[in-house]
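Here is the structure we will look at, set down as structure tokens.
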Protein chains: 2
Amino acid sequence: MAPKEKKSRPVGRPPATATRKRILNAAEKLFAERGFDGVTVRQITAEAGVDTALAHHHFGSKRDLFARVLLRRAEAHMEERDAAMARCIAAAGGKPGLRDVILAYVQPYLERARSSDKGWRTYFKLLAKTNTSPEWAPEVFSGQFDPFVRRFIDALKLAVPGVPEERYYWAYHYLSGALVLTFADTGRLDRLSGGVCSSADFEKGFL
Amino acid sequence: MAPKEKKSRPVGRPPATATRKRILNAAEKLFAERGFDGVTVRQITAEAGVDTALAHHHFGSKRDLFARVLLRRAEAHMEERDAAMARCIAAAGGKPGLRDVILAYVQPYLERARSSDKGWRTYFKLLAKTNTSPEWAPEVFSGQFDPFVRRFIDALKLAVPGVPEERYYWAYHYLSGALVLTFADTGRLDRLSGGVCSSADFEKGFL
DNA sequence: GTCTATACGGCGATAGAC
DNA sequence: GTCTATCGCCGTATAGAC
């Protein structure tokens, strides 16, 4: 007997998961392309092929939906980055090289971006847009990202000790800016270089 | 006789310049804070203290107004950057150092950002937002910025010759990402560092 | 050049039948 | 859980008086 049969859905797995997922995926895609204000709830539900009212039923306000889209992938991603950094430090016996620390920061991005789930590319693109918008920083960004960033900066101090405190933060800032622009996926590099570069080869820059 | 005289509105200075300026300044400020879709024409004209209809009378559509805001400062800024780069190359007799090329790229930003006209900071913030939005790249960005970027990349080749072509473009890409995030003015670095860094000290990172 | 008035459509969100 | 219908509001843009 397949566990597919239900009555009022007794022990089954999907409570209403399919619809929720469709909405989240559509929202992720459209928010990433046009930003929070550039998309309407109606466009999202149209893309998902469901009714407008369902978005509100499942997620509340448009703003809540946006936050939910961000949080969906954040936890897994941050755990992975934490693990990579811990591995990097442990493998070096507590004194990692600068290059290794940077790679531990960057690699989880590159791997997710290469994965078969295209949604990760979309998510990173959304992060890039959100990153230059002070509006979401306090409530979403800081809560989810700061713990890992602090761990990265601690690792930087292990790799290159004895530098004035603020320089570590600026180093993070520049690395972050460069990485984020890469995933913003503007196509600008492709056009500018007349085809010499392709933003799809985002790994080439980190050789 | 100056060719200034018209017919109606005889010798006076302000044709309608004052109102146009007020609208442009208000639009620059609000677009920089909330992006194109996050602002309404009504909010802009309210901020400027003029009537809604005037924005359309002077600038046409909201989209046209946005483009005009970008273009207003672009020309002067790009000319200045061109001059700085030309000076850098000439002073080194055609073989500039890498550091000098990068400084020639960055300095015009820092100087304008420090200037008494606060509008330049606002403009750079607006650029940062627009930079991660593919939407405006073709029509505004490429036309105004690409010529200078090509000159920068040519200078890079003088400073560090013999590198595979695409690496020059990636180098520009990373520098651009770092610089742009600096002027996005998200306040994130301030919060993250608990006051050790201030984004107002944007020059500290380029020491 | 400037403002009043308004057209017309789409917005986020909800109530309630099924 | 899902859809139909709708509320009340605000968006961009324009016509026309002054």
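Keep in mind that what you see is a predicted model, and the values were worked out from it rather than measured. Side-chain atoms are counted along with the backbone in the values below, which use heavy atoms only and exclude waters and symmetry mates. So that the names make sense, note that chain A is the first sequence line, chain B the second, and so on, each numbered from 1.
A:His173 and B:Phe202 have their aromatic ring centers separated by at least 6.0 angstrom.
The local environment of CZ in A:Arg191 is crowded, with over 12 non-hydrogen atoms from other residues, nucleotides or ligands closer than 6.0 Å. Within a 6.0 Å sphere centred on NZ of B:Lys157, heavy atoms belonging to other residues, nucleotides or ligands number more than 12.
Within the 4.5 Å cutoff, the side chain of B:Phe124 has heavy atoms near those of the B:Arg112 side chain. Looking at A:Trp120 and A:Arg114, their side chains never come closer than 4.5 Å, going by heavy atoms from C-beta outward. Proximity of A:Leu65 to A:Leu24: side-chain heavy atoms (C-beta onward) are separated by under 4.5 Å at one or more points.
A cation-pi arrangement, defined by a distance under 6.0 Å to the six-membered ring centre and an angle within 45 degrees of its axis, is absent between A:Arg121 and A:Phe183.
Separating the CZ atom of A:Phe59 from the C1' atom of D:dG1 is a distance of 13 Å, rounded to the nearest angstrom. A straight line from CG of B:Leu54 to P of C:dC3 spans 5 Å, rounded to a whole angstrom.
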List, with names and distances, any nitrogen or oxygen atoms from the protein found under 3.5 Å away from nitrogen or oxygen atoms belonging to nucleotides 8-16 of chain C.
unit_1 : atom_1 : unit_2  : atom_2 : d
C:dC11 : OP1    : A:Thr40 : OG1    : 3.4
C:dG12 : OP1    : A:Val41 : N      : 3.4
C:dG12 : OP1    : A:Lys62 : NZ     : 3.4
C:dG12 : OP2    : A:Val41 : N      : 3.1
C:dG12 : N7     : A:Arg42 : NH1    : 2.7
C:dA13 : OP2    : A:His56 : NE2    : 3.2
C:dA13 : OP2    : A:Lys62 : N      : 3.0

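Of the residues in residues 19-38 of chain B, those placing a heavy atom less than 4.0 Å from an atom of DNA chain C are B:Thr19, in numerical order.
We find the CG-CG distance between B:Leu126 and B:Leu70 to be 5.0 Å, quoted to the nearest 0.5 Å.
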